Amino acid sequence: MSIRVLLADDQTLLVAAFRLLIEAAPDMEVVGVAADGAQAVELTRATRPDVVVMDIRMPGMDGLAATTEICCDSALSATRILILTTFDIDDYVARALRAGASGFLGKDVGPDELLAAIRTVARGDALLSATATRALIARFLAQPVQAPAGAGQRLEALTVREREVVVQVAAGRSNEEIAEQLFLSPLTVRTHVHRAMAKLGTRDRAQLVVLAYQSGLVRVGHSETRGRP
């Protein structure tokens, strides 16, 4: 089955280049193009794409507001948001992650990296392993913010091993890296991640990381000390 992609960006040449690249991939198709956030929300509801490649800076409703609206719509829970950013608007990136974005890419991304990112986000994983993204997580998500209601109680539902895995996910590690760290198989790690997401009501790894920081399960400089109750 093809991965259905919606492009949301007001830079015509960039969108045209991305569209050609995506449509040339055998496992993807572009189902719509939006020039602003409001149109992105409208087209997402109309086409139900698997992934929205979303620019943050757009006229009218920006990408951050559009991401928030899409991620708050339960009817669009299967749609993932991949944010385009230059990594120089750190606060926007952190807010987009809290709003429900599943990953981030620089606008100078290479062709192979873009396609790999779309595939990663489409299968429910998140782009959290890049050095720049790890730094953003450490810098912003650990700042005091209001935790979701009942976050602490939800954490109590996790097993000791699930807590350990969540702590590793919050450090930006991939399933393979976590498997090596905890002496597990990557498949077992993936199972623990999905069970933790189900128990905590998070839509993907990005939201799992947000909750881990907001609830105090992990903190900057202490990301490997609070895996056990």
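Since the structure is predicted, the reported quantities are computational estimates derived from the model, not experimental observations.
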Undergrad: Is any NZ, NE, NH1 or NH2 atom of the basic residue among K199 and E162 found under 4.0 Å from an Asp or Glu carboxylate oxygen of the other?
TA: yes

Undergrad: How long is the straight-line distance from CD1 of I70 back to CZ of R45, given to the nearest 0.5 Å?
TA: 8.0 Å

Undergrad: Walk me through whether K107 and D9 qualify under side chain to side chain contact (heavy atoms under 4.5 Å, CB included).
TA: CA-CA 11 Å; K107 283 203 169 184; D9 197 306; 3.2 Å; yes

Undergrad: Do the non-hydrogen side-chain atoms of R57 and D62 ever get within less than 4.5 Å of each other?
TA: no

Undergrad: Is the shortest side-chain heavy-atom distance between V165 and V189 below 4.5 Å?
TA: yes

Undergrad: Is E29 atom CD crowded by more than 12 heavy atoms from other residues, nucleotides or ligands, each under 6.0 Å away?
TA: yes

Undergrad: What is the minimum heavy-atom distance between I81 and C71, and which atoms define it?
TA: CG1-SG, 4.0 Å

Undergrad: On a heavy-atom basis, which atom in A117 and which in L82 lie closest, and how many Å separate them?
TA: CB-CD2, 4.0 Å

Undergrad: Given R173 and E180, is the salt bridge (Lys or Arg N to Asp or Glu O under 4.0 Å) satisfied, shown in steps?
TA: CA-CA 10 Å; R173 295 189 174 96; E180 183 177 354; over 6 Å; no

Undergrad: To the nearest 0.5 Å, what is the distance between NE2 on H192 and CG on L182?
TA: 8.5 Å

Undergrad: Do F18 and V33 have side chains that get closer than 4.5 Å, going by heavy atoms?
TA: no

Undergrad: From T44 OG1 over to Q39 CD, what is the distance, rounded to the nearest 0.5 angstrom?
TA: 10.0 Å

Undergrad: CG of L217 to CG of L211: how many Å apart, nearest 0.5 Å?
TA: 8.5 Å

Undergrad: CD1/I118 to CD1/I22 distance, rounded to the nearest 0.5 angstrom?
TA: 4.0 Å

Undergrad: State, yes or no, whether a side-chain contact exists between R123 and T120 at a heavy-atom distance under 4.5 Å.
TA: yes

Undergrad: Rounded to the nearest 0.5 Å, how far apart are OG1 of T79 and CG of L6?
TA: 9.0 Å

Undergrad: Find out if a path of hydrophobic residues (ILVMFWY) with successive side-chain heavy-atom gaps under 4.5 Å connects L14 to V51.
TA: yes

Undergrad: Between D36 and P59, which heavy-atom pair has the shortest distance, and what is it?
TA: CB-O, 3.3 Å

Undergrad: Might you work through the side chain to side chain contact (heavy atoms under 4.5 Å, CB included) test for F104 and I56, ending with a clear yes or no?
TA: CA-CA 10 Å; F104 308 94; I56 285 184; 5.9 Å; no

